[in-house]
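Both counts, for ligands and for their atoms, begin at 1 and track the order of listing. All residue numbers refer to positions in the sequence shown, counting from 1.
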Amino acid sequence: MAIPNIRIPSRQLFIDGEWREPVKKNRLPAINPATEEIFGDIPAATAEDVDIAVKAARRALGRDDWGSTTGAQRAKYLRAIAAKVLERRPELATLETIDNGKPWFEAASDIDDVVACFEYYADLAEALDSKKKTEVKLHLDSFKTHVFREPLGVVGLITPWNYPLLMTTWKVAPALAAGCAAILKPSELASITSLELGEICREVGLPPGALNILTGLGHEAGSPLVSHPDVDKIAFTGSGPTGVKIMTAAAQLVKPVTLELGGKSPIVVFDDIHDLDIAVEWTLFGCFWTNGQICSATSRLILQETIAPQFLDRLLEWTKNIKISDPLEEDCKLGPLISRGQYEKVLKFISTAKNEGATILYGGDRPQHLNKGYYIQPTVITDVDTSMEIWKEEVFGPVLCVKTFKTEEEAIALANDTKYGLGAAILSKDLERCERFTKAFQSGIVWINCSQPCFWQPPWGGKKRSGFGRELGEWSLENYLNIKQVTQYVSTDEPWAFYKSPSKL
Ligand SMILES: NC(=O)c1ccc[n+]([C@@H]2O[C@H](COP(=O)([O-])OP(=O)(O)OC[C@H]3O[C@@H](n4cnc5c(N)ncnc54)[C@H](O)[C@@H]3O)[C@@H](O)[C@H]2O)c1
Ligand SMILES: NCCCC=O
Ligand code: NA
């Protein structure tokens with residue numbers, strides 16, 4: 001359970017294995033979205049701090065205690081980090097809830113995923129040792145070719161606020177497993193637990209410079225990290241517009257990026273579902289979990305006409321039953337949005353939907369029993385037209401819009417009617433139909449008879465405007481490896497004989 005009256009740590013930047021005050025000594029407030037109160041603060045890094053961190057990372061790569069480690073040695077650090085995170089689970093979950101606003105039991109579940117992720121990448125780090133150098137068979141005996149998988153170098157990791165420590169872990173764990181030296185820039189809206197990861201790394205003795213953590217504003221700390229000439233790669237998770245800025249800046253240096261961006265994912269529900277309540281609950285979870293702030297939220301419900309009235313009636317009964325409260329309260333199932341900015345943005349989406357002719361079937365406003373905090377009711381919007389903003393744009397709040405369909409062809413067209421391509425879900429008893437939809441969905445993730453379950457072993461990512469690259473699983477390790485080909489001429493007593501040899505001297 002949540003820790004009452006928890007002590008809020010006050011940290012500096014984590015650079016070269018120690019806590020350092022930002023060069024400009026600036027700090028930013030840490031706000032609790034459930035109370036709108038400042039509960040602490042975080043250091044605000046600027047370009048000067050970025051440069052110091054990049055130099056520390058580069059030094060780490062040049063030292064034996066990190067740059068020459070085996071995967072097995074790095075695995076020890078990752079497992080030690082996992083153990084420390086587990087030890088601090090109640091505290092980290094409570095800090096996450098206070099900083100982000102997600103219900104405590106969701107934050108605790110995130111922390112469990114963090115532990116599992118570090119342990120998983122420890123295993124992959126170990127396995128890397130036997131894959132570091134592999135021979136490639138050639139058609140010529142006079143050459144031998146090997147492929148080396150080596151750390152990519154100094155990597156910049158930029159993360160969002162909706163799963164603060166988990167999104168940090170999705171990047172830090174594979175980057176360290178691969179042997180890179182990382183500079184993490186978490187979101188200024190929820191950095192507290194990422195800074196605690198720095199303390200955990202210090203306690204387990206992670207070599208200085210292997211992981212550096214720079215909190216601060218995107219344009220002050222994130223942007224200089226992207227543009228730094230001695231950073232070899234950027235792994236970014238965040239909004240589309242920021243992704244475009246990052247890709248543009250990285251392009252100037254031909255710097256590789258992976259972009260995990262936004263989404264407007266569909267959930268297609270047929271009238272042959274196994275069970276109405278089960279289908280309704282997945283539909284709710286697919287959009288209202290994490291206070292509705294899920295990149296892969298199935299926020300477009302595409303409902304077969306024949307079941308629509310019955311389904312919507314039941315959906316409203318379930319929606320009205322959601323406990324909206326302080327996220328530290330037991331059984332809270334919907335907490336506040338991350339910030340006043342996000343709160344106002346979501347309310348604007350709802351009012352625009354109304355003005356464009358949609359119907360707010362349920363919700364659409366602040367819950368009457370909560371006059372503080374960035375709370376918005378779980379909202380269901382019908383009479384939606386595909387030309388409307390609410391159909392096209394990512395809301396990133398607990399807002400589900402609904403359209404109906406008659407035929408499969410119509411459902412597929414509606415599902416793919418989005419510039420995004422992250423997730424897609426289909427609820428139907430007919431598994432052949434589910435297979436047809438799996439093929440037809442233009443996305444990187446498909447859920448069948450569920451929505452949102454996310455595991456660390458399979459790949460995560462999208463296509464179209466949801467970005468590119470894959471995180472999690474073995475796919476994420478590839479993001480942080482340089483593939484080097486080494487070809488050796490082994491017939492050293494035979495001339496290459498491409499040119500006519502001049503007479504011997
Ligand atoms: N695809 C995924 O796996 C995934 C996961 C979580 C969130 N998201 C997306 O993230 C968005 C919400 O997160 P957010 O509000 O934190 O996104 P955001 O783009 O506002 O910020 C993300 C991160 O980028 C930093 N940043 C901002 N401007 C920058 C710049 N010019 N240069 C470098 N860094 C900069 C921010 O400080 C933050 O750390 C949503 O669109 C959501 O869909 C995607
Ligand atoms: N379940 C993790 C989803 C990440 C996107 O917000
Ligand atoms: Na916060």
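Of all atoms in ligand 1, numbered sequentially from 1 with element shown, those under 4.0 Å from a heavy atom of Glu260 are 1 (N), 2 (C), 3 (O), 4 (C), 44 (C). Each of the following atoms of ligand 1 lies closer than 4.0 Å to a heavy atom of Ser223: 32 (N), 33 (C). Interface atoms of ligand 1 facing Ile246, defined by a heavy-atom separation under 4.0 Å, are 32 (N), 33 (C), 34 (N). Atoms of ligand 1 lying under 4.0 Å from any heavy atom of Gly222, numbered from 1 in the order shown and given with element: 32 (N), 33 (C), 34 (N). Per-residue contacts place Ile158 under 4.0 angstrom from the following atoms of ligand 1 (heavy atoms of the residue considered): 23 (C), 24 (O), 25 (C), 33 (C), 34 (N), 39 (O). Set against the non-hydrogen atoms of Pro186, the atoms of ligand 1 under 4.0 Å away are 39 (O).
When Gly262, Gly238, Cys295 are ranked by how near their heavy atoms come to atom 9 (C) of ligand 1, first place goes to Gly238. When Glu188, Met167, Lys245 are ranked by how near their heavy atoms come to atom 31 (N) of ligand 1, first place goes to Lys245. Closest heavy-atom approach to atom 7 (C) of ligand 1 among the candidates Asn162, Leu157, Leu261: Asn162.
When non-hydrogen atoms are compared, ligand 1 lies under 4.0 Å from the backbone of Thr237 as well as from its side chain. With a 4.0 Å heavy-atom cut-off, ligand 1 is reached by no atom of Gln293.
Remark: the backbone N or O of Gln377 is paired with a side-chain donor or acceptor of Thr379 at under 3.5 angstrom. For the pair Trp318 (side chain) and Asp277 (backbone), a donor-acceptor distance under 3.5 Å is absent. Between the side chain of Arg340 and the backbone N or O of Glu344 there is no donor-acceptor pair closer than 3.5 Å. Side-chain N or O atoms of Asp41 include none that pairs as donor or acceptor with a backbone N or O of Ala30 at under 3.5 Å. Put simply, the side chain of Glu96 gets close to the backbone of Leu165: a donor and an acceptor are under 3.5 Å apart.
By the 6.0 Å contact criterion, CE on Met388 is enclosed, its count of non-hydrogen atoms from other residues, nucleotides or ligands being greater than 12. Sparse packing is recorded around NZ of Lys24, with 12 or fewer heavy atoms of other residues, nucleotides or ligands lying under 6.0 Å away. Within a 6.0 Å radius of CZ in Arg465, other residues, nucleotides and ligands contribute 12 heavy atoms or fewer. The local environment of CD in Glu393 is crowded, with over 12 non-hydrogen atoms from other residues, nucleotides or ligands closer than 6.0 Å.
By the 4.0 Å N-to-carboxylate-O rule, Asp385 lies too far from Lys392 to be salt-bridged with it. The pair Asp230-Arg58 meets the salt-bridge criterion, since a charged nitrogen lies less than 4.0 angstrom from a carboxylate oxygen. The existence of a salt bridge linking Lys323 and Glu329 is confirmed by a sub-4.0 Å separation between a basic side-chain nitrogen and an acidic carboxylate oxygen. Here Arg89 pairs with Asp112 in a salt bridge; the nearest charged N to carboxylate O distance falls below 4.0 Å. Checked for salt-bridge contact, Arg20 and Asp49 miss the test: no charged N lies under 4.0 Å from a carboxylate O.
Ranking the protein heavy atoms by distance from atom 13 (O) of ligand 1 puts Pro160 CB, 3.5 Å first. In terms of protein heavy atoms, atom 12 (C) of ligand 1 is closest to Phe396 CE2, 3.5 Å. Nearest non-hydrogen protein atom to atom 16 (O) of ligand 1 is Trp161 CD1, 3.0 Å. Among protein heavy atoms, atom 40 (C) of ligand 1 sits closest to Glu394 OE1, 3.3 Å. Counting protein heavy atoms only, atom 26 (N) of ligand 1 is closest to Gly218 CA, 3.5 Å. What sits closest to atom 17 (O) of ligand 1 on the protein, heavy atoms only, is Ser239 N, 3.3 Å. Distance from atom 29 (C) of ligand 1 to its nearest protein heavy atom, with residue and atom name: Thr242 CG2, 3.4 Å.
Of the protein's heavy atoms, none falls inside 4.0 Å of atom 21 (O) of ligand 1.
Residue contacts with ligand 1: Trp460 is placed with a nitrogen or oxygen under 3.5 Å of a nitrogen or oxygen of the ligand (distance criterion only). For ligand 1, the polar-atom distance check against His219 finds no nitrogen or oxygen pair separated by under 3.5 Å. The N/O atoms of Thr159, backbone and side chain alike, include one that comes under 3.5 Å of an N/O atom in ligand 1.
In summary, the side chains of Glu471 and Thr258 do not present any donor paired with an acceptor at a separation below 3.5 Å, with no hydrogens or angles considered. If you check the side chains of Asp417 and Trp391, you find a donor sitting under 3.5 Å from an acceptor.
Rounded to 10°, the angle formed at the Na ion (ligand 3) by Leu189 O and Asp99 O is 100°.
Taking the ring axis of Trp460 as reference, the NZ or CZ atom of Arg470 does not stay both within 45° of it and closer than 6.0 Å to the ring centre. Annotation: cation-pi geometry satisfied between Lys333 and Phe105 (NZ/CZ under 6.0 angstrom from ring centroid, within 45° of ring axis).
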Pairs under 3.5 angstrom, nitrogen or oxygen on both sides, ligand 2 versus protein: list them out, please.
| unit_1 | atom_1 | unit_2 | atom_2 | d |
| --- | --- | --- | --- | --- |
| ligand 2 | 6 (O) | Asn162 | ND2 | 2.8 |
| ligand 2 | 6 (O) | Cys295 | N | 2.9 |

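By the 4.0 Å heavy-atom criterion, Tyr163 is excluded from the residues contacting ligand 1.
The Na ion (ligand 3) lies under 3.0 Å from an N, O or S atom belonging to Ile31.
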